[in-house]
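In what follows, a structure is listed as C-alpha cells, so that the remarks can point back to it.
Values below: every heavy atom of this structure, side chains too, minus hydrogens, waters and symmetry copies. Chain naming here is simple, since letters A, B, ... match the order of the sequence lines and numbering starts at 1 in each.
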Protein chains: 2
Amino acid sequence: MPDLDDLNHRILRVLLRDGRSTYAEIGNEVGLSVSAAKRRVDRLVRDGAIRGFTAVVEPQAMGWDIEAVVQLYTNGTVPFETMRRDLEHVTEIVEAFTVAGAADAMVRVVAGDVPHLERVISRLRGLSYVQQTDTTMLLSVLVRRPNVPQTAP
Amino acid sequence: MPDLDDLNHRILRVLLRDGRSTYAEIGNEVGLSVSAAKRRVDRLVRDGAIRGFTAVVEPQAMGWDIEAVVQLYTNGTVPFETMRRDLEHVTEIVEAFTVAGAADAMVRVVAGDVPHLERVISRLRGLSYVQQTDTTMLLSVLVRRPNVPQTAP
DNA sequence: GTTGAAATGACCCCCTA
DNA sequence: TAGGGGGTCATTTCAAC
C-alpha cells in the first residue's frame, strides 16, 4: 500500500467525513472536475486505499449491548493464517490484531448480552492454541471516530 | 436508543455492507418502495441509530503506519466529561472507552511513526489525572470489519 | 410522476517518460 | 508515442418534491 499524494489525502478526508459525498462535492473541495474526482475515487477503491463505504451504526440499535476486548495468550506456534481464519469465522469479532506485549492477540468483541459474551469467550478459549484469555469489558464510549484521523500525521 | 424492528435491522445491514446503497437497492433487499426506504433511513439517521456515513480507509494510505492501544490508570476521581473532552482533543485517538478491569480507560491510537506515538503517549501521561499508562502496539490486522456484526445477536 | 441532480462512460487534450 | 491524468459533454440513473 503506497502512501499517496496530497490530492488523494484530501479526497480521503472528505470521504471520511461523509462517505456519501457526491463527486461534485469532492471535486469542489479538492479542485477537480466531477469526472476527475470520480476517477480518483475509483482508483482509491481499486488500489485498496478505500476498503469500502459503510454506515456508522450505533451498536445498541441492532441489539448489540455489550462490548469487550479479549486478549489471547497462545502457545506461540500457531500460524498467523490459521488464527486469522479462525477469528474471521467468529462473527461477533469486529477487530482483531496480533500485538507486541504480554498477550499475543487482542480482539474486540460485541455481544447481545453477558451470556452471549460468555459463549464467545468460551469459543475463543476452545481454540486449541489459545492457552488463556483476559477480558476487559467496555463501559462507556468516550470517543468514537472513523478509524483514521482527519489530520495529517 | 431503542432496539428496532427487523426491517430496520435489515436496512442497517444493507448500509453496513455498502454505505452508498441507493434507496432503490435498499428497498429491493427489504421489500419496501423507494420512498418508504428513504423515510426509514432518514428516521434512522434522525434517531441516532445511524451516526453517519464514511469511507473505510486503510490507515497506511494516509500515512498512519502505527497503531497502539493505550490503557490509562487514573486517580479515579476524574469526571467522565472532563476525560471525554480531553481525549476528544487528541486527534490521534480513534476510539476511547472507560473499562471494567485493572485500567480505567482504553484508548486506540494511530500515529505516523514511533516518535509520533511517543508524543501522543506523553500527552496522555501529561493529563493531571493520569497516573500510569500501559501501551500495547498492534502488529498485524487479523480481522477488521464494520464496528457492528452483520448477524443478529 | 415529473423534474432537477448525480453518476457514468465516451471522447479529446496535455504532459511527460 | 504510449500512458496517466485532466476536462467536457451526452446518456442513464437516482433523489426529491
Please list, in numerical order, the residues of residues 33-43 of chain A that have a heavy atom closer than 4.0 Å to any atom of DNA chain D.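 Contacting residues: A:S33, A:S35, A:A36, A:R39, A:R40, A:R43.
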Contact state string [nucleotides 12-17 of chain C, B base, S sugar-phosphate only, - no protein heavy atom under 4.0 Å]: ------
Is the backbone N or O of B:T74 less than 3.5 Å from a side-chain atom of B:D104, with the two atoms forming a donor-acceptor pair by type?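 Yes, B:D104 side chain to B:T74 backbone: donor-acceptor pair under 3.5 Å.
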Is there a donor-acceptor contact under 3.5 Å from the side chain of A:R51 to the main chain of B:V57?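 It does not hold such a pair.
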Nearest-Å distance for atom pair [atom1]/[atom2], residues [X] and [N]:
X	N	atom1	atom2	value
A:I26	D:dG7	CD1	P	14 Å
B:E25	C:dA6	CD	P	18 Å
A:D18	C:dA6	CG	C1'	14 Å
A:D6	D:dG5	CG	P	15 Å
A:R20	D:dC14	CZ	P	15 Å

If you count the non-hydrogen atoms of other residues, nucleotides and ligands that lie under 6.0 Å from CD in B:E88, is the total more than 12? yes
Between CE on residue B:M106 and CZ on residue B:F97, distance to nearest 0.5 Å: 9.5 Å
To the nearest 0.5 Å, atom CZ of A:F80 lies from atom CG of B:L142 at 4.5 Å
Taking salt bridge (charged side-chain N to carboxylate O under 4.0 Å, His left out) as the test, write out the residues that go with B:R144, two or more places apart. A:E95, B:E67
Grab the two heavy atoms, one from A:R145 and one from B:V90, that are nearest each other, plus how far apart they are.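 Heavy-atom minimum between the residues: NH2-O, 2.8 Å.
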Side-chain heavy-atom pair A:R43, A:N8 within 4.5 angstrom cut-off: no
Think A:Y23 has a side-chain N or O under 4.0 angstrom from the OP1 or OP2 of C:dT8?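 Yes, within the criterion.
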